[in-house]
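Labels below follow one simple rule: chain letters A, B, ... track the order of the sequence lines, proteins then strands, and each chain is numbered from 1. Computed from a prediction, not measured in an experiment: that's the story for all the values here.
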Amino acid sequence: MRTALICTLLLSTQALAGAPTVDDILKKYDAIMGPTVFEAENEMTSTREDGTTRTYVMKMLKKDSDKFRIYFTGPAAVKGQEILRIGDNAWVYLPNLKRATRIANRESFQGGDFNNADVLRVNYQADYSGTLIDSDVPDTWCVQLKAKNAETSYDAITLYVRKSDLLPVKGKYFGTSGKLIRSAEFTDVKELSKGFVRPVKVVMHNELVPARKSEMVVREMKLDVEVPAQRFTQTDLGK
Amino acid sequence: MALLKLAVRNLLRNRKRTVITLVALVVGVSAMIATRAFINGFRGMIIENQTRGVLGELQVHHVGYVANVQSSPLTIDMVDSPEVRAKIAAVPGVGVVSPRIDFGAQLSTPDRTPPHEDGSELPEADRGTSTFMMVTAFEPALEKQVTPRRWDWIGAGRGTMSEAGDSTSLVLNDDFARALKLELLPAGAALPPVERQAALITGDREQALNGENVVIGGTFASVTANDRRIGFLPLALAQRLLRMEGRVTEYGLTLEPGADLEQVKAGLQAALGPEYEVHTWAERIPFLTDLVETQTKIFNIVSTIVLLVVLLGIVNAMLMSVLERVREIGTMLAVGMRRSQITRMFLMEGAVLGVVGGVLGIAVGLLLVLVMSQAGIELPAPGAKVASVIHPTVEPFFVVRTLAQAVIGSALAAILPARRAAALRPVEALAHT
């Protein structure tokens, strides 16, 4: 009885010390990086091997946690392109083909260093299971995540979040062979809409081709939006 | 001369032993010749598949392309125009010039059934997929003259590669096409509606996403284990997909008969200037040099062992011969024959064995090579559908070297027995029973 009491006390002290559960961390990550419903305007700047950069402008719509739509508005070469994700399926609509073709989760997103799932499929609670490990970055918690299914963006992720508010700081992303293929920094914490605070810039470094990186910046994000269900159907693409 | 006569007679005294020793020599030498010819033939087959099936004899790129070839860089490209092609073709020794683009793309296959009315998901088996593949784009009419082997492989697959300028027909590895459950469009048939066509999706030259509808016009049979996710596309379609109209990444060239590869390479480099780089086929397949080096090393080790075993047989036979002829040697020494003459006699016996065995071995070996090369050895590479045929050949220098090895080796093998014979003391030898 006494032992039990001491144990309980000890456990609660630890809880008081503030170690969050993995669930807490993933829940927070999903809530800010992939809210269930939102409308956003993003810019992605990709730097290539030869040092040249290219900036893509896009509008994003999300609903029901697994429905996603992207409209590319610039540059001219990709204007009119659209991406639709419903559950495990994703399509790209190309205006010159006037039709949608299937794309896969781990393909590069617009030729940059994010993959399609990085953008279209932020649902770490559903896709990964993890354990809390000792962090080598000061003032952060570190979780080691393992993919639960084959549709995820990576096989394993090491995610670092701030101790103060659980906002992500950096991530390391591993491929099938356990090889480090990408690493990301989350910066520029801002209030995007009332009470909604998150890093608005994600810099994804390509660890296989070190000269390459892509930056995704959220220009605007609204959570209190009503998006018609029609937007998330194949027949709506290109309209 | 008398020594030679004596040596031959001595050898003929114990025919059985001489024949057995000779057989060992013949087998050893002919095996060396045949193995060498097989290795040469294997190398020739790889070269043939590469030069006449993939690369061409020479390649022209924008400078820096080959150093970055792993990432198939589209920005390290060249203007392609009739003038550029004419400039390349004007270099003495250049035959046909075929423009190409190599690139990676996603092949997105169509759903096998129309989408459900209510928008619900198709069953997984009916959904299309998206798979990464490598594409080589060219003008079939030109490429056919540079890499005719490709058309052997297409001939062993299904369908054909359309030569029509506006063709949207992709030719895929046959196993790859089957795995993706892609159906072939029969020649002359009308195109299916776009939503039933496959599409190639990839970043263009500026890495902006682009796509083109394609139909599967033909397939080629697998030749090597690593040509699965590969396809051929008409150049014009690839240029539209990559937004590279009037640009290519590579020219594949043939040589005119009798032209010297290195001379033509130098001529091309001089004519085109420092903006371009010229490579011979050998420079594009460094793995071949490694492969041949490894094979040659292994071959040298094995053949040295074989030769050693055969020569040890000769040592043994000669030692036996010395032991049997102790009294005879004693007599020779007693009547005034010099020790050096005794040594030379045995060395000559060894050399005669070497000459006869070597010549016979080479005759048998060359006969084997002739038979193998006329019949051709079909060698299916692991996972390949089309067998590659090996035509063994052996170079004259190697034949001469092997003969020399057999003769000198046999003579050297006789040294120990000869010295033993020469060291006998006449009195003791005569008393030997």
Side-chain angles (χ1 to χ4, degrees), chain A residues 44 46-56 66-67 70 72 74-84 86-113 116 206 208-209 211-212 214 229-230 232-237, chain B residues 64 67-68 70-77 103-112 114-124 126-133 168 180 192-214 237 240-243:
Chain A
M44 181 178 79
S46 291
T47 306
R48 291 181 282 173
E49 296 93 316
D50 59 5
T52 57
T53 62
R54 198 177 176 92
T55 301
Y56 303 87
D66 70 344
K67 293 199 171 80
I70 298 177
F72 290 96
V78 300
K79 195 166 191 263
Q81 289 182 6
E82 295 176 16
I83 288 178
L84 172 67
I86 308 171
D88 285 343
N89 301 301
W91 297 266
V92 61
Y93 174 88
L94 298 173
N96 62 323
L97 301 188
K98 297 195 172 48
R99 66 150 171 149
T101 57
R102 288 186 182 268
I103 54 174
N105 281 324
R106 294 194 183 189
E107 285 165 16
S108 153
F109 179 78
Q110 249 326 337
D113 304 290
N116 287 327
N206 189 323
L208 303 177
V209 189
R212 288 183 57 125
S214 293
Q230 175 61 21
F232 304 99
T233 57
Q234 273 193 74
T235 45
D236 195 60
L237 284 165
Chain B
N68 292 289
Q70 290 299 338
S71 55
S72 328
L74 294 173
T75 45
I76 311 179
D77 59 349
F103 63 100
Q106 298 291 148
L107 177 62
S108 181
T109 65
D111 293 341
R112 273 174 282 283
H116 292 166
E117 295 268 323
D118 60 0
S120 62
E121 276 187 25
L122 292 176
E124 191 146 359
D126 288 340
R127 286 183 221 160
T129 55
S130 176
T131 317
F132 183 77
M133 66 176 293
T168 60
L180 293 176
V194 286
E195 62 275 10
R196 307 282 298 146
Q197 295 183 23
L200 279 175
I201 311 284
T202 188
D204 65 6
R205 189 173 181 276
E206 304 303 323
Q207 287 195 0
L209 201 67
N210 200 15
E212 285 292 340
N213 294 319
V214 291
L237 184 64
R240 207 159 69 215
L241 170 65
L242 302 168
R243 298 190 178 104

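- Side-chain atoms of A:Q110 come within 3.5 Å of backbone atoms of B:L209 as a donor-acceptor pair (strictly under, hydrogens ignored).
- Remark: A:R48 pairs with B:E206 by the salt bridge (Lys or Arg N to Asp or Glu O under 4.0 Å) rule, at least two apart or across chains.
- At a 4.5 Å heavy-atom cutoff, the contact between A:V92 and chain B is made by side-chain atoms alone.
- Of the listed residues B:R127, B:E195, B:Q197, the one with more heavy-atom pairs under 4.5 angstrom with chain A than any other is B:R127.
- When all heavy atoms of B:I201 and A:T101 are compared, the closest pair comes out as CD1-OG1, 3.3 Å.
- Under the 4.5 Å side-chain criterion, counting only non-hydrogen atoms from C-beta, B:E124 is not in contact with A:D88.
- Every ring pair (Phe, Tyr, Trp, His ring centres under 6.0 Å) that A:F72 has, sequence neighbours left out, goes to A:F109.
- The greatest number of non-hydrogen atom pairs below 4.5 Å with chain A, out of B:P73, B:A208, B:G203, is found for B:A208.
- Contact of B:T75 with chain A is made through the side chain alone, with heavy-atom distances under 4.5 Å.
- For a residue to count as touching a neighbouring chain, one of its non-hydrogen atoms must lie under 4.5 Å from one of that chain's; by this rule B:Q207 touches chain A with backbone and side chain alike.
- Side-chain contact check for A:N96 and B:R240: no donor-acceptor pair (N or O, by modelled atom type) lies under 3.5 Å.
- Between B:L122 and A:R102, the shortest heavy-atom contact is CD1-NH2, 4.1 Å.
- Looking at B:N210, the atoms closer than 4.5 Å to chain A (heavy atoms on both sides) sit in the backbone and in the side chain alike.
- Most heavy-atom pairs under 4.5 Å with chain A: of the set B:A199, B:S108, B:P110, B:A198, this distinction falls to B:S108.
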